[in-house]
Amino acid sequence: MQNMRILQLHCDYIEFTPVKKEIKSAEEIDPQSKHFDEIVVAFVAVEDGDNSEVAKKAMNEISESMKKVGCGKLLLYPYAHLSSKLASPSTALSILKEMGEKRDGLEINRAPFGWTKSYKIQVKGHPLAENSKTISAGEEKESTSEALKAESKIQSFWHIMTPDGKMHDIDKFNFAKYQSLEVLAKYESAKKRSVDEPPPHVKLMKKLAIADYEPASDAGNMRFFPNGRLMKSLIERYVTDKVVEYGGFEVETPIMYDSHHPSMESYFNRFPARQYNVNSEGKQLFLRFAACFGQFLMAKDFQMSYKNLPLRLYELTRYSFRREQSGELVGLRRLRAFTMPDCHAMCKDMEQAKEEFRKRFDLSRQVIRGLGMNESEFEMAIRFTEEFYNENRPLVEELVSKIGKPVLVEMWKERFFYFVLKWEFNYVDSSGKASALSTDQIDVENGKRYNIEFIDENNKPQNPIILHNSPSGAVERVIYVLLEKAAKDQREGRKPGLPLWLAPTQVRVIPVKPEFLDYCEKLAEKISQNDIRVDLDDRNESVGKSIRDAETDWIRYIIVIGEKEVSATKLSIRDRKTGTVKELAVDELVKEIKEETNGMPFLRMNMSRYVSKRPQIMV
RNA sequence: GCCUCGAUAGCUCAGCCUGGUAGAGCGAACGCCUCGUAAGCGUUAGGCCGCGGGAUCGAAUCCCGCUCGAGGCUCCA
C-alpha cells in the first residue's frame, strides 16, 4: 500500500535557505532565503506509486483543513524523511508540481525540491496547528462532510394545502389564481428560472441614500447611510416592542464562539454552516450565524422549573454572519452580515409548545402587517415530518386556515433537521425570487444538545422543546421588500413611497424666497415638537427645483411658504400620496400625521434639518 | 464554487470596433436671478482612463495576466 505522507503545521513564520543540491535532478533555482509569515507548511513525502489522483486528494484535504484554521497561504515543503518507500525523484517532483498548481482561494508556494535546506520555523499553539495525514489512492475520502451527504439524501414530498386542510398534488393543483404561490412552489421544487435584470431595489437603496456596497469589506457586508440607519433603527424598535409585548425578554450574547466547544462541535457535525472563521491566540472562533447558540448557552445556566415555562428569550443580532456563496448575494435580499430578530421559547412539553406556536404565529402576522407589508403579498410554506403531521393535523390545518389561502407544503419522510415543524412567509419579487421573512420552528433536539434542563412536576430534569421564531425576518430584508414593493408600484404607474412612520423625512418646508426662511424655521420647529421629522430646504434654489428634489426623495408632505402663508393661518401642503395641494392649519397636519403613524415608534431626524448643510450622498 | 459582463471626473455614463491633445449630464465651488408646486442662467475646479506586462513610432482604445465589482446558475441547515 502506498501512502503520500504529509505533516502539516500552522506557523507564525518559516524561513529557509537552500544550502546545496542533494541530488542531481534537483530543481534549478536561485538559492535564496525565503521568509513567510502566517502560513501553513506541509512537509510532503511522495511514496512509490503515488499519482495525480493522490496529489489531488492531498490538496483537497490540505485545503479543507486550512479553511478550518482560517489560513489561505500554503508552503509545500518536500521532506523525504517521512517515508522509507520514496517515489523516484522525477515522479516526486512532478507530483509536487501538480500539487503546487494554482488553486482558488489558496496562495501556494513550493520550497525547492532536491536541495538541502536549513530552516527556522515557529509553529502556532492551537490544537489544529499540527496534523499529519497519509493519503492513499482508491480510498473513498471525500471532502463533503457527512452532514452534507446526509442532507442530500432527505426525501421531500411537495404538496399544496388549501384552507380547508386538504392536500393537493402540486402537479395537479390549479395555480391560475395563485401566481406567486406557483413561483414559490416551482422555485422550491427546483424548476429552472432565468432572470437578467438586477432587482430594482438595488438602484433605489442607493438613490434614497439608504445603503450601498462597501468594496473595502467582504461582499454582502453593506454600509448604511443616515437614512438607512434610521430606517433600520425604527424597524428594530418596532419588532422589539412587539416581542416584549408578547412576553419576550431581551438579552445580548457574544458575536463569536469557540468552534471546539462541545455543543458547537456536535452542532457543526450535523449542520454544515458557511461561517466566517476568526483565529485569535490559537483559538478557532466563528462568527455566529444565528442567535441560537448564545441563547441556548445562556438558558443552560438558568435554573428552571416547569413553572417558569414557557421562557421567551429574545435578541436582535446585529450582526449575524453567514458566508453565503458570493454569487447569491444581491443588494439587500441576501447578505453575509444581517440583523436578525430571533426569539426562542423554551416549552415544557409538546402541548405547551403548540399553544406557544399559535401565539407566535399571530405575533408574526401582526408584525408583518405593522411593517407595511401586506399578508396577501406573501406566500406561506409549511414543512413538517410525516410523523408530526399524522399526530398533529389540527395544528397544521389551523395555521393554514388562518392564512385563508393555499400554502406550499413540504413533508419529510424522516426527521433530518432539528425541527419537526416549520413555517415561513415568503416574499416573491418581480424577478421571481422567493425570500423568507417571518419563520417559526419546533425544535426537539437542541434542548438536549445544549443540555438545557428544567425540573418538571415530578421533580425530574427534562429538556425543553424550543421554538425558534423571527417575527419579521432580517431587518435588511424588510427594507428590501419595502423597496421592491415601491418599485412595483412605480412600474404599475403608482407613486412609489415608504410607510410614513419609516420615511427619513416626513415633512419638508420650502420658502419661496430666502426672506421667508425665518418664518419657515419657526414652523419647522413647531412641527418638530410634535415628534415629526421635518426639514427645511434653505438652499437658494427655485421653488420648482426644490419641489422636484423633495418629490424624488419621496417626501410625503411638502409645505411651500410665501407671502400668502406668512399672513394666513392655513398652509398649502402638497401631499405626495394624492398628488394634490391642500390647505390645512398646522394642527390639522400634525393630527393627520399622528393618526397615520399611530402605534409606530418615532425617532428624531438623523440628518441636519437644513438641506444646505447635508453632504450629497448619491445622485 | 461555476458562467457571463464590467472597471474612464465625487456620481451616472460616452469615447474603444477603426490607436494620434480626455468628453457629457448630474453633483460641488463661485457669481447672477429672487422665483408659487417636478430641473432658471453663467463661470470655474475636478482624471495614473483599476493594476502589471506585451506588440506598436505612438494605447483609455489591440493582446496577455492580475485585482476588485456586478449579474446569472448552483445554493440559501
Side-chain angles (χ1 to χ4, degrees), chain A residues 63 102-105 143 145 147-148 150-152 154 187-188 190 192-199 202-203 206-207 209 212-220 267-275 289-290 292 322-331 333-336 338 383 416-419 422 424 426 431-436 439 441 443 445-446 468 474 477 495 508 510-517 537 539-553 555 557-566 572-576 579-582 612 614-619:
Chain A
S63 117
K102 208 172 87 59
R103 196 184 164 94
D104 279 348
S143 57
S145 72
L148 274 174
E151 188 185 339
S152 63
I154 38 171
Y187 191 81
E188 287 283 339
K192 259 210 1 230
R193 62 237 173 225
S194 83
V195 189
D196 38 10
E197 292 255 306
V202 175
K203 261 194 175 149
K206 296 183 188 188
K207 183 181 98 78
D212 191 15
Y213 300 109
E214 172 51 78
S217 179
D218 190 28
Y267 196 88
F268 276 152
N269 287 340
R270 261 199 84 160
F271 303 107
R274 296 202 179 99
Q275 74 283 54
F289 40 93
C292 304
R322 294 186 193 177
R323 223 184 24 120
E324 308 287 10
Q325 295 182 86
S326 62
E328 307 164 30
L329 308 166
V330 188
R333 184 164 59 203
R334 167 163 269 115
L335 297 172
R336 282 184 174 172
F338 53 94
R383 301 152 203 263
F416 167 75
F417 304 108
Y418 53 75
F419 48 82
K422 171 191 181 177
E424 86 260 344
N426 294 280
S431 32
K433 286 281 191 179
S435 320
T439 179
Q441 307 164 354
D443 171 356
E445 197 176 288
N446 282 310
H468 299 232
R477 192 171 273 185
K495 268 194 181 177
R508 173 160 295 170
I510 300 173
V512 172
K513 283 191 275 186
E515 60 180 278
F516 304 120
L517 258 174
D537 191 348
R539 301 171 305 168
N540 191 2
E541 294 286 353
S542 68
V543 176
K545 164 86 167 166
S546 290
I547 292 198
R548 181 183 158 82
D549 286 351
E551 284 280 351
T552 57
D553 279 348
I555 293 170
Y557 294 103
I558 303 171
I559 309 178
V560 177
I561 297 296
E563 208 79 55
K564 212 165 64 193
E565 288 74 22
V566 173
S572 36
I573 296 164
R574 187 180 159 112
D575 185 346
R576 184 175 152 76
T580 55
V581 177
K582 55 187 175 190
S612 74
R614 295 180 190 170
Q616 189 72 26
I617 295 180
M618 286 290 147
V619 263

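Each chain gets a letter, A, B and so on, in the order its sequence line appears, and its residues count up from 1. For the numbers below, each heavy atom of this structure counts, side chains included, while hydrogens, waters and symmetry mates do not.
As a whole-Å value, the separation of A:R614 CZ from B:G27 P is 16 Å. At whole-Å resolution of the value, CZ in A:R323 and C1' in B:A77 are 15 Å apart. When the P atom of B:A9 is taken as reference, atom CD of A:Q616 falls 17 Å away, rounded to whole Å. Atom-to-atom, CD of A:E214 to P of B:G69 comes out at 10 Å; the value is rounded to the nearest Å. Rounded to a whole Å, the NZ atom of A:K433 is 11 Å from the P atom of B:G71. One atom, CZ of A:R334, and another, C1' of B:G72, lie 15 Å apart when rounded to the nearest Å. Here the P atom of nucleotide B:C11 and the OH atom of A:Y213 are 16 Å apart, to the nearest Å. A:K206 has its NZ atom 10 Å from the C1' atom of B:C11, to the nearest Å.
Classification of A:R336 and A:E324 as a salt-bridged pair fails, no side-chain N sitting under 4.0 Å from a carboxylate O.
In this structure, the salt bridge (charged side-chain N to carboxylate O under 4.0 Å, His left out) partners of A:R539, at least two apart in sequence or on a different chain, are A:D537, A:D549. Among residues two or more places apart in sequence or in another chain, the side-chain contact (heavy atoms from CB on, under 4.5 Å) test is passed with A:K513 by A:E515, A:F516. A:E563 meets the salt bridge (charged side-chain N to carboxylate O under 4.0 Å, His left out) test with no other residue; sequence neighbours excluded.
The P atoms of B:C16 and B:A55 are separated by 26 Å, rounded to the nearest whole Å. Separating the C1' atom of B:A24 from that of B:C68 is a span of 27 Å, rounded to the nearest Å. For the C1' atoms, the distance from B:A14 to B:G47 is 15 Å, rounded to whole Å. Of the C1' atoms belonging to B:U8 and B:C3, the separation is 27 Å, rounded to the nearest Å. Taking the C1' atom of each, B:C26 and B:C64 are spaced 37 Å apart, rounded to whole Å. Using C1' as the reference atom, B:A28 and B:G10 are 8 Å apart when rounded to the nearest Å. Nucleotides B:G27 and B:U61 have their C1' atoms positioned 28 Å apart, rounded to a whole Å. A gap of 14 Å separates the P atoms of B:C63 and B:A7, to the nearest Å.
Under the side-chain contact (heavy atoms from CB on, under 4.5 Å) rule, A:N540 has a single partner from A:S612, A:P514, A:S546, which is A:P514.
Note that the OH atom of A:Y418 and the CG atom of A:D443 stand 6.5 Å from one another [nearest 0.5 Å].
Side-chain atoms of A:D575 and A:K582, non-hydrogen and from C-beta on, do get closer than 4.5 Å to each other. By the 4.5 Å heavy-atom criterion applied to side chains, A:I510 and A:I547 are counted as neighbours.
Remark on RNA chain B: of its neighbouring residues A:K203 and A:R539, the 5'-side contact belongs to A:K203, judged by nearest-heavy-atom nucleotide.
Residue A:K495 qualifies as enclosed at atom NZ: its count of foreign heavy atoms under 6.0 Å is above 12.
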Taking only nitrogen or oxygen atoms into account, show me every contact under 3.5 Å that the protein makes with nucleotides 4-8 of chain B, one pair per line with its distance.
none

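Side-chain proximity of A:Y418 to the nucleotides B:G71, B:A77, B:G27 is greatest for B:A77.
Counting only Watson-Crick and G-U wobble pairs whose two distances sit under 3.5 Å, RNA chain B takes part in these stems of three or more pairs: B:1-7 with B:67-73, B:10-13 with B:23-26, B:28-32 with B:40-44, B:50-54 with B:62-66.
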At under 4.0 Å between heavy atoms, how does the protein contact nucleotides 33-41 of chain B? Give one character per nucleotide, 5' to 3', with B, S or -.
BBBBBBBS-
